[in-house]
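What follows is a short report on a single structure.
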Amino acid sequence: MIEIKNLHATIEGKEILKGLSLNVKAGEIHAIMGPNGAGKSTLASILAGREEYEITNGEVSFDGNDLLEMSTEERARAGLFLAFQYPVEIPGVSNVNFLRTAINEIRDAKGEKPISAKEFMALVREKSKIVELDSSLASRSVNEGFSGGEKKRNEIFQMAMLNPKLAVLDETDSGLDIDALRIVAKGVNSLKSPENASIVITHYQRLLDYIVPDYVHVLYDGRIVKTGDKNLALELEEKGYDWIKAETQVG
Amino acid sequence: MAQYTENELAKDLDNQDYKFGFVTDVETEKVPQGLNEDIIRLISAKKNEPQWLLDYRLKSFAIWQKMTEPDWAHVKYKKPDFQNITYYAAPKQTKKYESWDDVDPEMKETMSKLGISLEEQKRLTGVAVDFVMDSVSVATSFKSKLKELGIIFCSFSDAVQEYPELIREHMGTVVPNTDNFYAALNAAVFTDGSFCYIPKGVRCPMELSTYFRINAGGTGQFERTLVVADEGSYVSYLEGCTAPQRDENQLHAAVVELKAMNDAEIKYSTVQNWYPGDENGVGGVFNFVTKRGVCETNAKISWTQVETGSAVTWKYPSCILKGDGSVGEFYSVAVTNNYQQADTGTKMIHLGKRTKSTIISKGISAGNSENSYRGLVQIQKNAHGARNFSQCDSLLMTDHCGAHTFPYIECKNPSAQIEHEATTSKIGEDQLFYCMQRGISEEKAISLIVNGYCKEVLNQLPMEFAVEAQKLLAISLEGSVG
């Protein structure tokens with residue numbers, strides 16, 4: 001699905017990613033954990049195509065295509081979805097209008113016909129149930145006046161609507177209470193299929209109680225320094241990151 | 001909110017050059033260039049006007065000659081040479097058409113390029129269209145249906161012939177010929193326009209619509225519109241403007257007068273899309289318009305405008321809230337791109353008690369353009385309990401455009417409440433990225449964000465106009481983020 005090889009990236013001259021490699025296959029869920037400032041959100045931003053980062057080395061292949069050569073919207077249309085850590089508000093643009101535009105742009109890029117209003121509304125009803133999103137939120141302006149939890153649920157709702165191949169969740173659990181966390185996790189789990197994959201970036205282990213990853217990676221100082229299964233997450237929860245840091249420095 | 005028409009928008013975006021930039025080859029009859037008393041006499045004679053109107057024109061001309069062109073607006077342009085303008089051009093066929101089949105096919109094509117399709121509008125939308133092409137009305141539809149209700153909706157010239165007493169009673173009472181340089185010029189040389197009268201207690205059942213259009217090269221247009229809503233009546237009036245592409249600057253100096261009698265309501269909506277000049281600022285229409293309405297007791301006038309065109313815009317649709325309890329509203333979206341300059345806003349003059357006004361202005365500047373809001377809220381000393389709310393927002397698309405706000409507030413009554421809010425923001429990179437991450441192209445993302453930003457104003461427009469306005473915003477701002 002996605003293969004990241006030796007990725008180096010800088011912002012304003014400062015190197016954030018220092019040779020990151022990661023291989024995600026269809027049907028897998030990968031968790032990326034790590035201390036603050038390790039480069040977790042940078043990785044998410046680069047995959048989505050933020051322009052302020054400079055890629056100094058490495059390659060990223062997405063479904064066999066050179067991801068770094070694609071524009072942000074081309075990546076999205078090819079099935080890459082980013083659930084934002086801080087979803088932005090777009091005043092005056094209703095959620096449904098926003099999503100219908102997105103769906104039709106993606107369809108248009110594939111040479112498909114626009115979605116009919118009936119089909120679209122049926123999809124909205126079906127998918128809003130997954131994240132227990134009040135149907136009134138669907139007609140409100142994108143994220144405007146939403147609570148933190150509503151914004152995150154809205155991200156998962158959008159993900160469900162767009163049905164991406166690869167979903168990157170950037171600290172989707174931050175700021176969520178336990179009920180919201182459960183709802184978000186339920187959304188992610190219900191979208192899991194043998195054809196798609198997820199990269200779940202998180203600071204805490206607790207999300208992984210609900211979303212069981214196939215792999216857990218520790219990102220530290222711009223590189224993946226340790227990979228394991230879900231037990232690694234539990235170990236991190238218990239022992240913190242200091243032992244990883246020590247291990248890395250020794251190595 | 002109007003349905004978002006993605007596909008139509010996509011089609012329009014394929015062709016970002018000025019969509020209406022074509023010239024119709026209809027034989028035009030012009031008077032000689034220049035301006036003097038003889039030209040005014042000639043115009044008046046051609047239009048078979050009564051003596052009082054000719055006298056009014058000549059008096060206005062004398063007033064105009066003593067005036068100087070105003071230069072207080074935040075715009076820079078080469079002053080027009082008033083002797084180098086043709087003041088009258090009419091399509092040569094003078095006979096009126098009995099039916100649509102008689103109309104010159106080329107003229108019909110012009111209309112269909114404009115997207116009017118009168119036949120379809122007649123059938124589907126119930127909009128009566130008075131199409132003004134080069135200053136002379138060529139068609140008026142729905143006339144008979146309106147006539148049943150006693151509503152008069154016709155060209156200004158026809159009104160002068162058929163309802164001279166109404167014209168004489170109301171013309172120049174809201175915008176006198178002494179008002180300003182361009183209003184005086186208009187009063188001297190106006191060629192045509194629209195007249196609308198709604199009798200007492202009648203609610204006009206359809207949106208009244210007029211499409212103005214400059215056609216013959218180098219022809220200035222001096223339209224005059226007069227809308228009189230008698231006691232307790234209601235009318236919604238739409239005005240849409242398009243003009244063909246030209247290299248020389250064209251002058252457009254219109255006058256619009258609205259009179260809302262006791263308990264009457266007038267809703268006046270404009271989508272203005274005159275040729276803005278090319279991306280280097282060459283050419284384009286000078287749009288110097290005087291629009292004003294007077295509200296009697298408990299009357300209401302609501303101005304809504306979407307201004308995307310013209311090289312230079314100088315326009316302040318205003319309300320004189322004369323009667324107690326009267327209401328004035330101004331909703332505006334003004335978009336400037338490339339080298340366009342707009343200085344637009346409103347004046348709310350509170351004379352009566354408990355008068356209320358609302359001003360919502362959204363300025364969007366792109367390219368190297370300059371966009372100014374200029375507004376006056378004046379509370380006179382008898383206007384007890386008057387209230388005003390103003391909100392002026394500016395959105396910047398680039399780093400080299402300008403947005404300016406010049407709000408003037410004069411309050412002579414201590415019981416008045418005046419609120420003013422203003423914001424300036426740059427279009428959010430984060431908003432754009434968010435949209436693009438969902439697969440939306442940058443152009444469409446801009447259009448979405450801008451339409452959202454203008455929603456409060458666009459919501460005031462009748463449905464079909466709102467759709468057109470959304471498209472215009474998208475076309476006007478194509479490729480404008482930087």
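Just so we're on the same page: letters track the sequence lines, and every chain starts at 1.
Counting only N and O atoms by type, the side chains of B/Tyr434 and A/Asn143 include a donor and acceptor under 3.5 Å apart.
Between chain B and the options A/Gln158, A/Glu74, A/Arg75, heavy-atom pairs under 4.5 Å are most frequent for A/Gln158.
By the 6.0 Å contact criterion, CD on A/Glu52 is enclosed, its count of non-hydrogen atoms from other residues, nucleotides or ligands being greater than 12. No more than 12 heavy-atom neighbours from other residues, nucleotides or ligands sit within 6.0 angstrom of CZ on B/Arg387. Annotation: A/Lys186, atom NZ; neighbour count of heavy atoms from other residues, nucleotides and ligands within 6.0 Å is above 12. For A/Lys40, the NZ atom sits in a packed shell: over 12 heavy atoms of surrounding residues, nucleotides or ligands are nearer than 6.0 Å.
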- Could you walk me through whether A/Thr101 and B/Leu448 pass side-chain contact (heavy atoms from CB on, under 4.5 Å), step by step? CA-CA 9 Å; A/Thr101 306; B/Leu448 261 184; 4.1 Å; yes
- Criterion side-chain contact (heavy atoms from CB on, under 4.5 Å) on B/Ile440 and A/Phe98, from CA distance to verdict: CA-CA 9 Å; B/Ile440 300 169; A/Phe98 177 72; 3.8 Å; yes
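Residues of residues 60-73 of chain A lying within less than 4.5 angstrom of chain B, judged on heavy atoms, are A/Thr72, A/Glu73 in numerical order.
Under the salt bridge (charged side-chain N to carboxylate O under 4.0 Å, His left out) criterion, the residue pairs touching residues 80-90 of chain A are A/Glu89-A/Lys151, with sequence neighbours excluded.
Contact of A/Ile103 with chain B is not made at all, since no heavy-atom distance falls under 4.5 Å. Residue A/Pro164 does not touch chain B at all, counting heavy-atom pairs closer than 4.5 Å.
Using a 4.5 Å heavy-atom cutoff, the side chains of B/Gln431 and A/Pro91 are in contact.
In this structure, A/Asn104 CG and B/Lys444 NZ are separated by 8.0 Å, a value rounded to the nearest 0.5 Å. Taking CD from B/Glu429 and CD from A/Glu51, the interatomic distance works out to 8.5 Å, rounded to the nearest 0.5 Å. Summarising the geometry, atom CZ belonging to A/Arg77 is positioned 9.0 Å from atom CE belonging to B/Met436; distances are rounded to the nearest 0.5 Å. With rounding to the nearest 0.5 Å, the separation of CZ in B/Arg438 from CE in A/Met161 is 12.0 Å.
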Validation: residues 168-175 of chain A side-chain donor-acceptor distances under 3.5 Å, sequence neighbours left out:
residue, atom, partner, partner atom, Å
A/Asp170, OD1, A/Ser41, OG, 3.1
A/Asp170, OD2, A/Ser41, OG, 3.2
A/Asp173, OD1, A/Thr202, OG1, 3.4
A/Asp173, OD2, A/Thr202, OG1, 2.6
A/Ser174, OG, A/Lys152, NZ, 3.2
A/Ser174, OG, A/Glu171, O, 3.0

Only pairs under 3.5 Å count here: list side-chain donor-acceptor contacts from residues 113-130 of chain A, not counting sequence neighbours, and write none if there are none.
residue, atom, partner, partner atom, Å
A/Ser116, OG, A/Glu119, N, 3.1
A/Glu119, OE2, A/Arg107, NH2, 3.4
A/Ser128, OG, A/Val124, O, 2.8
A/Ser128, OG, A/Arg125, O, 3.2

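For B/Gln437 (side chain) and A/Leu82 (main-chain N/O), a donor-acceptor pair under 3.5 Å exists by modelled atom type.
Scanning all heavy atoms of the two residues, the minimum distance from B/Cys435 to A/Ile90 falls at SG-CD1, 3.7 Å. Of all non-hydrogen atoms in A/Ala76 and B/Gly439, the two that sit nearest each other are CB-N, 3.3 Å.
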